[in-house]
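Each residue takes its place number in the sequence, starting with 1.
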Amino acid sequence: MKLNKKDILKALETITVPGEGQNMVDSGAVKNVIVFGDEVIVDITIKNPSLQAKKRTEVDILKTIHDRVYEKAKITVNVKVEAPAQPKVNVIKGNPIPGIQNIIAVASGKGGVGKSTITANLAVTLSKMGFRVGVLDADVYGPSMPIMFDVEAERPLAVNIDGKSKMRPIENYGVKMLSIGFFTEANQAVVWRGPMAAKALNQMIFDAHWGELDFLLIDLPPGTGDIHLSIMQALPITGAVVVSTPQNVALADARKGVAMFQQESISVPVLGLIENMAYFTPEELPDNKYYIFGKEGAKNLSNDLKIPFLGEIPLVQSIREAGDVGRPAALQTATISEQAFEKLTKNVVSEVVRRNDNLPPTEAIKITTMAGCSAVKK
């Protein structure tokens with residue numbers, strides 16, 4: 001059957017663009033329609049960067065042409081995303097890095113809960129959603145981002161920006177990153193006191209050419225100490241997320257991590273809690289859940305602390321394997337891991353938007369000789 005371009009356009013007029021009021025044709029979203037026999041090619045541009053919007057657009061076009069024009073038409077849909085510019089109202093105060101809209105600290109009270117894994121997968125999922133993303137590996141004594149992004153052998157190069165020499169972050173999977181791991185050998189231990197570590201972090205923050213970023217994720221070391229204070233003193237953090245496993249031992253430290261950000265002298269908004277290794281799911285039995293470390297511990301803690309619960313990530317072997325080979329599990333398609341990280345990332349983005357709408361811009365904290373050095377009472 002020979003198809004007609006007018007019939008295709010008339011059918012597309014019945015579909016609404018995701019997140020907009022007008023139909024695809026009147027809004028100008030449909031850029032081009034090519035018809036050749038029973039083949040149709042539709043080029044369309046949308047503003048919503050989410051994977052869900054892109055998929056819905058494609059499915060709606062396929063279904064509508066099949067239902068209204070010709071059920072056996074061979075259709076190709078090319079969806080392009082043009083995300084709207086970030087509004088100026090969200091630019092943070094204090095001492096921001098030019099071009100960076102939101103700075104998110106990823107913390108954990110306890111080591112070994114998978115904080116770096118969460119950071120890496122959160123970063124690549126944000127990138128898949130169309131955002132511009134950077135990662136600062138602030139875990140000076142145990143940097144792991146170079147391994148997780150398969151860039152261990154890379155070294156940042158110097159670039160000239162406005163007459164000044166700057167470090168160019170290493171980039172992979174659409175994510176820019178800097179880490180102490182790029183400047184040390186694999187078998188070399190970093191034996192530095194706090195001021196030395198803080199100086200190195202400041203160089204990676206302010207002597208780097210990050211460019212334009214929607215999100216800079218900071219992978220903090222475990223605990224509540226000098227590195228955390230140095231980062232929050234140097235940068236105005238938009239918000240923090242705290243990672244924990246469901247077990248009581250980890251939750252006790254996660255509670256302290258939340259309390260650190262909520263301390264009056266620091267006052268960084270806590271976007272929510274993430275429960276990692278929430279349950280074990282064998283690959284051969286994807287519907288089975290085994291609560292090895294306890295059930296809904298972080299969810300219950302978030303209710304207790306009255307902060308959002310951002311989501312749970314299952315204990316899946318492929319997540320560990322993906323991190324070890326340097327390709328984060330969120331890059332996989334149609335897996336339980338990808339679905340879990342997509343849901344988590346959408347919740348994080350929603351909380352950032354809500355925080356920016358309802359709270360004033362964060363300022364870099366001012367630490368005096370004793371401020372922040374006492375036990376946090378919560």
Side-chain angles (χ1 to χ4, degrees), residues 5 8-34 40-68 75-92 98-104 121-134 171 173-176 210-217 238-239 271 310-311 330-331 333-334 338-339 341-359 361:
K5 182 176 179 178
I8 302 297
L9 290 172
K10 188 175 181 181
L12 296 179
E13 287 178 349
T14 65
I15 310 174
T16 302
V17 180
E20 301 180 27
Q22 290 182 298
N23 66 65
M24 291 182 171
V25 177
D26 291 342
S27 68
V30 175
K31 301 301 181 183
N32 194 22
V33 173
I34 300 174
V40 180
I41 300 175
V42 179
D43 295 329
I44 184 167
T45 300
I46 63 175
K47 295 179 180 178
N48 191 329
S50 69
L51 295 176
Q52 181 181 2
K54 293 173 67 176
K55 190 63 180 178
R56 178 188 155 189
T57 300
E58 182 179 357
V59 170
D60 285 352
I61 291 174
L62 293 173
K63 186 176 186 303
T64 300
I65 293 176
H66 284 150
D67 290 348
R68 292 176 175 268
I75 307 166
T76 301
V77 181
N78 300 318
V79 182
K80 182 181 178 182
V81 176
E82 284 184 358
Q86 292 292 320
K88 294 294 183 181
V89 294
N90 288 343
V91 176
I92 49 185
I100 297 181
Q101 296 297 316
N102 299 286
I103 302 176
I104 310 299
N121 284 282
L122 185 60
V124 297
T125 305
L126 283 168
S127 179
K128 285 167 63 178
M129 291 170 66
F131 293 107
R132 298 163 298 181
V133 189
E171 186 169 352
Y173 310 129
V175 177
K176 297 178 181 179
W210 290 99
E212 298 289 329
L213 294 180
D214 297 305
F215 292 94
L216 175 64
L217 306 183
T238 306
L271 302 175
L310 298 172
L331 292 170
T333 56
E338 183 197 36
Q339 294 168 5
F341 283 117
E342 282 185 2
K343 184 176 180 180
L344 168 65
T345 305
K346 288 176 183 177
N347 289 339
V348 171
V349 172
S350 296
E351 287 302 320
V352 171
V353 172
R354 187 181 66 83
R355 174 255 177 274
N356 287 338
D357 286 342
N358 299 323
L359 294 175

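Between the side chain of N347 and the backbone N or O of L310, at least one donor-acceptor pair lies under 3.5 Å. Between the K343 side chain and the G311 main chain, no donor and acceptor come within less than 3.5 Å of each other. Put simply, the side chain of R355 gets close to the backbone of T238: a donor and an acceptor are under 3.5 Å apart. Distance alone, capped at 3.5 Å, places no donor-acceptor pair between the N23 side chain and the T14 backbone. In this structure, the side chain of K128 engages the main chain of A330 through a donor-acceptor pair within 3.5 Å.
Atoms CG and CD1, on N32 and I44 in that order, are 12.0 Å from each other to the nearest 0.5 Å. Expressed to the nearest 0.5 Å, how far CZ of R132 lies from CG of D214 amounts to 4.0 Å. Note: E212 CD to K176 NZ = 8.5 Å, rounded to the nearest 0.5 Å. Summarising the geometry, atom OG1 belonging to T125 is positioned 8.0 Å from atom CG belonging to L344; distances are rounded to the nearest 0.5 Å. For the atom pair L213 CG and I100 CD1, the distance stands at 4.5 Å (nearest 0.5 Å). Annotation: the span from Q101 atom CD to L216 atom CG amounts to 12.0 Å, rounded to 0.5 Å.
Closest heavy-atom contact between T16 and M24: O-CE, 4.4 Å. Contact between V124 and N121 at its shortest, heavy atoms only, is CG2-O, 3.3 Å. Minimum interatomic distance between G174 and S127 (heavy atoms only, all atoms of both residues): O-OG, 3.5 Å.
Here K10 pairs with nothing under the salt bridge (Lys or Arg N to Asp or Glu O under 4.0 Å) rule; sequence neighbours left out. Partners of R68 by side-chain hydrogen bond (donor to acceptor under 3.5 Å, both in side chains), not counting sequence neighbours: none found. In terms of the side-chain hydrogen bond (donor to acceptor under 3.5 Å, both in side chains) criterion, E58 has no residue partners (sequence neighbours excluded). For the salt bridge (Lys or Arg N to Asp or Glu O under 4.0 Å) test, no residue two or more places apart in sequence or in another chain qualifies with E342. Qualifying ring pair (Phe, Tyr, Trp, His ring centres under 6.0 Å) partners for F341, counting only residues two or more places apart in sequence or in other chains: none. In this structure, D26 has no salt bridge (Lys or Arg N to Asp or Glu O under 4.0 Å) partners at least two apart in sequence or on a different chain.
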CA sep, side-chain torsions, deciding dist, call: L12, V33, side-chain contact (heavy atoms from CB on, under 4.5 Å): CA-CA 10 Å; L12 296 179; V33 173; 4.2 Å; yes
Check against side-chain contact (heavy atoms from CB on, under 4.5 Å), N102 and N356: CA-CA 9 Å; N102 299 286; N356 287 338; 3.0 Å; yes
Output, in order, the C-alpha distance, side-chain angles, deciding distance and verdict of side-chain contact (heavy atoms from CB on, under 4.5 Å) for H66 and I75. CA-CA 9 Å; H66 284 150; I75 307 166; 3.4 Å; yes
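Residues D43 and K80 have side chains not in contact (no heavy-atom distance under 4.5 Å, counting atoms from C-beta outward). By the 4.5 Å heavy-atom criterion applied to side chains, L122 and F215 are not counted as neighbours.
In this structure, K346 places its NZ atom where more than 12 heavy-atom neighbours from other residues, nucleotides or ligands lie under 6.0 Å away.
Of the listed residues (T45, I46, I61), just one forms a side-chain contact (heavy atoms from CB on, under 4.5 Å) with V79, and that residue is I46.
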